[in-house]
Amino acid sequence: MSRRPEPAQDQDPVREHLSPAHALEIDPLIEDPDTRIVVCCGSGGVGKTTTAAALGLRAAERGRKVVVLTIDPARRLAQSMGIDSLDNTPRRVKGIDDSAGGELHAMMLDMKRTFDEIVEAHADPERAAAILNNPFYQSLSAGFAGTQEYMAMEKLGQLRSRDEWDLIVVDTPPSRSALDFLDAPKRLGSFLDGKLIRVLLAPAKVGGRAGMKFLNVGMSVMTGALGKVLGGQLLRDVQTFVAAMDSMFGGFRTRADATYKLLQAPGTAFLVVAAPERDALREAAYFVERLAAEDMPLAGLVLNRVHGSGAGRLSAERALAAAENLEESRIVDQPDGKAGLRNSPDTYGSSESPARNVTDGGSPATEDVDGAAPEDEPTATDGERSVERLTAGLLRLHAERMQLLARERRTRDRFTALHPEVAMTEVAALPGDVHDLAGLRDIGERLATGHAELSGTS
């Protein structure tokens, strides 16, 4: 007789739903006309690009004019939106449900082109040409640490100043630390408008050998900050660059400060994206604390790629025990047990000899009318053993899934214990990557409902 499950197991013991107090409401956030910027941030590889695209699609299909700015070089966003390629210009996405009057546009940051646009917008044509052709500028615009993050903020400022979009969704750069995104505007702004620049400007103002000696001191600092910049004309290139950019340095600082204030504005909402893993949630916790310290508006946390099970009431322990019971029964019941058959009561009570009634395979034999033994046929026992082996394997796989769910829940609960004020939504893990608008729409639905159980079975 099967035993009824214990009461505690009638409630899903592994994947507990988030309490209403902790639930992040996505739809009210993206439908609110006061929400003008949503920034998706977090450590690398947690699904920021997909999350940003899904949010943009969902907002557009609810009537808002949306642009998604991605910094992902893998071009997955373009593929999922049915666009051949993305560049520094917003491109409209076709195939969305625009019955509510919304639009969806997408673009991928070209960091060097954005830097070039800044130069062209803030310098006369002759000076701009001198800067753009300068070898040192070309190295700076393509590879200076923090340039990508800074240019992402520059592009965000440009899009917001045009006031053309109801909502701008930003996918932050895949940097080693999510904190780089907040530091970059100040870091690059300080570099271009700081003591180092004044040091490099001094030779042009002082002149002579003393000035060149002063420049050499500045270059020792410069090489430490920028790394290797090749070419025999390095000093001359730097001096030419600094002289040409002299009138623009203050503008970098001003725009960096303006962008930073834009991030702090009430119309901006930060979404921290993380996976239910220890390192990803640790990084998310650091970012949450940093946002609070910088007085920036945190909307909540998206816990991405959460696993679920359609058989949550069967615990890992019970599944393993059942698998072991099936495997133990196979050890006892083996097909080569001739001795057991010879010593069975049926054999002792028969007048037939054992050799006549038992085949080489250990199974009872019969004769046809011609006295010839029929060919061996598959027995029911063989089929039962195959089913038992398959069932035991499935039970062990289920146990592994339930153990994974338990680890994810413990990791999530540690985060919520440290940051009970942070609202959260869960997104179920998918069997593969998202490749089209239907997949993004599905992700958006999961973001809005916040139920990891949508993933289905284990």
Side-chain angles (χ1 to χ4, degrees), residues 24 26 29-30 32-44 46 48-49 51-52 55-56 59 64 66-72 90 107-109 111 114-115 117-118 145-193 250-274 283-302 419 421-423:
L24 171 61
I26 289 293
L29 173 68
I30 61 178
D32 187 352
D34 291 333
T35 303
R36 303 300 302 276
I37 298 173
V38 173
V39 182
C40 297
C41 49
S43 56
V46 294
K48 294 192 302 293
T49 300
T51 299
L55 287 171
R64 306 200 72 186
V66 185
V67 59
V68 178
L69 170 62
T70 183
I71 300 92
D72 184 6
M107 61 184 298
M108 186 172 71
L109 178 73
M111 114 178 133
T114 302
F115 211 151
E117 290 172 354
I118 297 170
T147 302
Q148 187 179 47
E149 289 85 352
Y150 179 85
M151 291 306 152
M153 291 297 90
E154 280 278 357
K155 182 56 67 175
L156 171 59
Q158 292 175 12
L159 293 172
R160 185 66 183 88
S161 65
R162 289 160 58 179
D163 204 26
E164 182 179 351
W165 316 99
D166 298 334
L167 178 64
I168 303 169
V169 183
V170 183
D171 164 34
T172 56
S175 48
R176 287 179 299 175
S177 170
L179 304 181
D180 291 346
F181 182 72
L182 291 178
D183 292 332
K186 285 186 175 180
R187 185 167 62 246
L188 189 59
S190 298
F191 165 71
L192 293 174
D193 190 29
F252 280 100
R253 164 66 73 168
T254 301
R255 286 192 302 278
D257 291 342
T259 301
Y260 208 72
K261 290 179 181 178
L262 182 63
L263 293 176
Q264 293 175 316
T268 300
F270 279 83
L271 286 177
V272 179
V273 184
E283 187 77 12
Y286 292 153
F287 203 90
V288 165
E289 294 163 4
R290 175 65 183 278
L291 288 172
E294 299 290 340
D295 196 25
M296 293 188 176
L298 172 65
L301 182 137
V302 174
H419 299 282
E421 77 286 358
V422 178

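Interatomic distance, Ile37 CD1 to Leu263 CG, rounded to the nearest 0.5 Å: 7.0 Å. Distance NZ/Lys155 to CD1/Ile168: 11.0 Å, rounded to 0.5 Å. In this structure, the separation between CD on Glu154 and CD on Glu117 is 10.0 Å, given to the nearest 0.5 Å. Thr114 OG1 to Leu156 CG: the interatomic distance, rounded to the nearest 0.5 Å, is 11.5 Å. Note that the CG atom of Leu271 and the OG1 atom of Thr172 stand 11.0 Å from one another [nearest 0.5 Å]. Atom CG of Leu298 is separated from atom CD of Glu421 by 8.0 Å, given to the nearest 0.5 angstrom.
Between Ala152 and Leu69, the shortest heavy-atom contact is O-CD2, 4.0 Å. Shown here for Val169 and Cys40, the closest heavy-atom pair between the two residues is CG1-SG, 4.4 Å. A pairwise comparison of heavy atoms in Ala284 and Leu301 identifies CB-CD1, 3.8 Å as the closest pair. Between Ala299 and Leu29, the shortest heavy-atom contact is CB-CD2, 4.0 Å. Taking every heavy atom of both residues into account, Cys41 and Lys48 meet most closely at C-CD, 3.4 Å. Contact record, Leu167 with Ala59: CD2-CB, 3.7 Å, taken as the closest heavy-atom pair.
Under the 4.5 Å side-chain criterion, counting only non-hydrogen atoms from C-beta, Ile30 is not in contact with Thr35. When side chains are defined from C-beta on, Met296 does not count as touching Thr268, because their heavy atoms never get closer than 4.5 Å. Leu55 places none of its side-chain heavy atoms less than 4.5 Å from the side chain of Val66. Looking at Val67 and Arg162, their side chains never come closer than 4.5 Å, going by heavy atoms from C-beta outward. Side-chain contact between Arg160 and Thr259 is absent, with no heavy atoms from C-beta onward closer than 4.5 Å. A heavy-atom distance below 4.5 Å is not found between the side chains of Val68 and Asp171.
Between Asp163 and Arg36, at least one side-chain N (NZ, or NE/NH1/NH2) sits under 4.0 Å from a carboxylate O, which counts as a salt bridge.
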**Derivation of the side chain to side chain contact (heavy atoms under 4.5 Å, CB included) call for Val422 and Val272** = CA-CA 10 Å; Val422 178; Val272 179; over 6 Å; no

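Looking at Lys261 and Gln264, their side chains never bring a donor and an acceptor atom within 3.5 Å of each other.
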